[in-house]
Amino acid sequence: MSQSSMSEITCPACGSKHEFKVWDSINTKQDPELKEAVRTGDAFRYTCPDCGATALLNYNFLYHQMEDKYMVFVSVEGDAWNQMMSILSARQKDLPDYTMRIIRSYNDFREKLMILDAGLDDRVVEIIKSSVWHNVEETYADKGIDEILFAMNDDGEHGFLFRSKDKMIASMEFDMDLYKVVKNAAESRLDFYSRGIFVIDRAWADRVVGEMG
């Protein structure tokens with residue numbers, strides 16, 4: 001079940017202190033209303049009762065979309081990283097058909113959910129992003145791009161967003177034909193390269209691309 005606790009929050013705008021519900025774990029099958037609240041950010045958005053300022057609060061929590069056998073631990077603080085590795089390793093033995101991930105930021109979490117909602121394999125998306133990253137670093141080094149995120153708009157169109165210092169500076173269309181080619185080429189080896197691996201990110205994709213040649 002979903003678990004939460006009350007935590008005292010200091011408003012970043014006016015400095016007043018109020019209590020805010022912090023989610024330790026979210027289970028969307030048992031609390032289906034949280035599924036949309038997570039995607040809009042409302043589950044993590046603090047609104048100050050005094051000045052009306054709003055802020056997205058980043059903290060560690062476990063997200064469990066049981067109906068899709070999907071579990072992801074958000075470790076923005078990093079202090080529970082090794083502990084969660086051990087926990088997911090133990091759970092994986094009992095839930096072998098689950099997809100389990102550990103991610104480091106709220107943006108990465110939202111990206112994983114968009115990939116899930118689009119019905120895509122995040123491992124294949126990361127492999128494609130690996131080549132996009134290399135092209136960006138070779139061709140657009142002066143743009144200061146520090147983040148490339150998969151995204152999906154309200155019309156269901158997929159793409160990559162290029163961000164620099166938390167601001168979007170460009171975008172590109174997601175090539176679904178390329179996705180299918182990469183998926184077909186790598187599918188037989190993806191399970192091997194991701195077995196026991198919960199962090200599927202650029203470093204993982206670069207390593208896989210290098211080993212696959």
Side-chain angles (χ1 to χ4, degrees), residues 38-41 44 56 58 60 63 65 68 70-78 81 84-85 88 98-213:
V38 163
R39 283 158 172 77
T40 61
F44 315 108
L56 282 177
N58 293 318
N60 295 349
Y63 178 82
Q65 196 161 307
D68 293 307
Y70 189 81
M71 187 180 296
V72 56
F73 180 67
V74 181
S75 182
V76 297
E77 297 170 3
W81 185 276
M84 187 50 61
M85 284 281 195
L88 291 186
Y98 256 68
T99 296
M100 299 182 181
R101 298 289 183 259
I102 297 177
I103 56 88
R104 305 170 189 262
S105 74
Y106 179 68
N107 281 346
D108 290 341
F109 173 59
R110 288 192 66 199
E111 178 187 47
K112 291 295 185 185
L113 293 186
M114 286 188 183
I115 294 171
L116 175 66
D117 292 346
L120 303 178
D121 189 322
D122 67 323
R123 299 170 299 179
V124 179
V125 174
E126 286 295 342
I127 289 173
I128 294 172
K129 277 175 62 178
S130 174
S131 65
V132 174
W133 263 117
H134 288 299
N135 181 59
V136 164
E137 290 175 341
E138 289 179 3
T139 312
Y140 304 105
D142 60 320
K143 302 298 183 182
I145 296 171
D146 53 26
E147 210 172 16
I148 300 176
L149 296 171
F150 175 88
M152 183 169 60
N153 63 22
D154 294 337
D155 295 325
E157 297 172 333
H158 310 138
F160 285 122
L161 303 182
F162 299 84
R163 293 165 59 89
S164 176
K165 299 178 181 178
D166 294 326
K167 293 183 179 180
M168 192 184 84
I169 61 173
S171 65
M172 67 175 286
E173 184 179 351
F174 184 80
D175 191 334
M176 188 57 71
D177 289 334
L178 175 61
Y179 172 87
K180 293 176 182 177
V181 169
V182 174
K183 188 175 189 297
N184 289 336
E187 195 163 26
S188 63
R189 290 176 282 181
L190 281 177
D191 288 342
F192 171 77
Y193 284 115
S194 60
R195 186 176 300 120
I197 304 296
F198 304 111
V199 182
I200 303 297
D201 58 5
R202 183 189 176 187
W204 173 86
D206 286 347
R207 183 170 65 253
V208 170
V209 170
E211 292 181 9
M212 291 178 61

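In this text the structure is predicted, and so the values were computed from the model without any measurement. Below, each value reflects all heavy atoms present in this structure, side chains not excepted, and no hydrogens, waters or symmetry copies.
When every heavy atom of Val199 is checked against every heavy atom of Arg104, the shortest pair comes out as CG1-NH2, 4.3 Å. Closest approach of Leu56 and Gly41 over heavy atoms only: CD2-O, 3.3 Å. Shortest non-hydrogen contact noted between Val76 and Ser105 is CG1-CA, 3.7 Å. When all heavy atoms of Lys143 and Ser164 are compared, the pair lying nearest together is O-OG, 3.8 Å.
The neighbour count for Asp154 CG, taken as heavy atoms of other residues, nucleotides or ligands under 6.0 Å away, does not exceed 12. By the 6.0 Å contact criterion, CZ on Arg163 is enclosed, its count of non-hydrogen atoms from other residues, nucleotides or ligands being greater than 12.
Met114 contributes atom CE, which lies 9.5 Å from atom CG of Asn153 (distance to the nearest 0.5 angstrom). Considering CD1 of Ile127 and NZ of Lys183, their distance stands at 11.0 Å, rounded to 0.5 Å. Remark: Leu113 CG to Arg39 CZ distance equals 4.5 Å, nearest 0.5 Å. A distance of 5.5 Å separates CG in Leu116 from OH in Tyr70, rounded to the nearest 0.5 Å. Atoms CG and CZ, on Leu190 and Arg195 in that order, are 11.5 Å from each other to the nearest 0.5 Å.
Between Arg123 and Asp191, some side-chain heavy-atom pair lies under the 4.5 Å cut-off. The side-chain heavy atoms of Val38 and Arg110, taken from C-beta on, include no pair separated by under 4.5 Å. In this structure the side chain of Leu178 reaches within 4.5 angstrom of the side chain of Ile128, judged on heavy atoms. With a 4.5 Å cut-off on side-chain heavy atoms, Met100 and Val72 do not count as touching. Considering only heavy atoms from C-beta on, Ser194 comes within 4.5 Å of Ile200 through its side chain. Using a 4.5 Å heavy-atom cutoff, the side chains of Val74 and Tyr106 are not in contact. You'll find the side chain of His158 reaches within 4.5 Å of the side chain of Phe150, heavy atoms only. In this structure the side chain of Lys112 never reaches within 4.5 angstrom of the side chain of Thr99, judged on heavy atoms.
In this structure a side-chain-to-backbone donor-acceptor pair under 3.5 Å is missing from Asp155 to Glu157. Remark: the backbone N or O of Lys180 is paired with a side-chain donor or acceptor of Asn184 at under 3.5 angstrom.
Using a 4.0 Å cut-off between charged nitrogen and carboxylate oxygen, Glu111 and Lys129 count as a salt-bridge pair. By the 4.0 Å N-to-carboxylate-O rule, Asp206 lies close enough to Arg202 to be salt-bridged with it.
Checking Asp121, Asp108, Asp122 one by one against Arg101, the salt bridge (Lys or Arg N to Asp or Glu O under 4.0 Å) holds for a single residue, Asp122.
Checked against a 6.0 Å centroid threshold, the rings of Phe109 and Tyr63 count as neighbours.
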Note to self: Could you go through Ile148 and Val136, starting from their C-alpha distance and side-chain angles, then the distance that decides it, and tell me whether this counts as side chain to side chain contact (heavy atoms under 4.5 Å, CB included)?
What the structure shows: CA-CA 10 Å; Ile148 300 176; Val136 164; 4.2 Å; yes
Note to self: Using the rule given for side chain to side chain contact (heavy atoms under 4.5 Å, CB included), can you reason through Glu126 versus Val208, listing the C-alpha separation, both sets of side-chain angles and the distance that settles it, and then say yes or no?
What the structure shows: CA-CA 10 Å; Glu126 286 295 342; Val208 170; over 6 Å; no
Next item on the list: Could you please spell out the steps behind the side chain to side chain contact (heavy atoms under 4.5 Å, CB included) verdict for Met212 and Tyr193?
Entry: CA-CA 10 Å; Met212 291 178 61; Tyr193 284 115; 3.5 Å; yes
Margin query: Run Phe198 and Phe73 through side chain to side chain contact (heavy atoms under 4.5 Å, CB included) and show every step you take.
Written below: CA-CA 9 Å; Phe198 304 111; Phe73 180 67; over 6 Å; no
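A donor and an acceptor atom, one from each side chain of Asp68 and Gln65, are located under 3.5 Å apart.
Between Phe174 and Phe160, the angle of the ring planes goes over 60°, which puts this pair in the perpendicular group of the 30/60° scheme.
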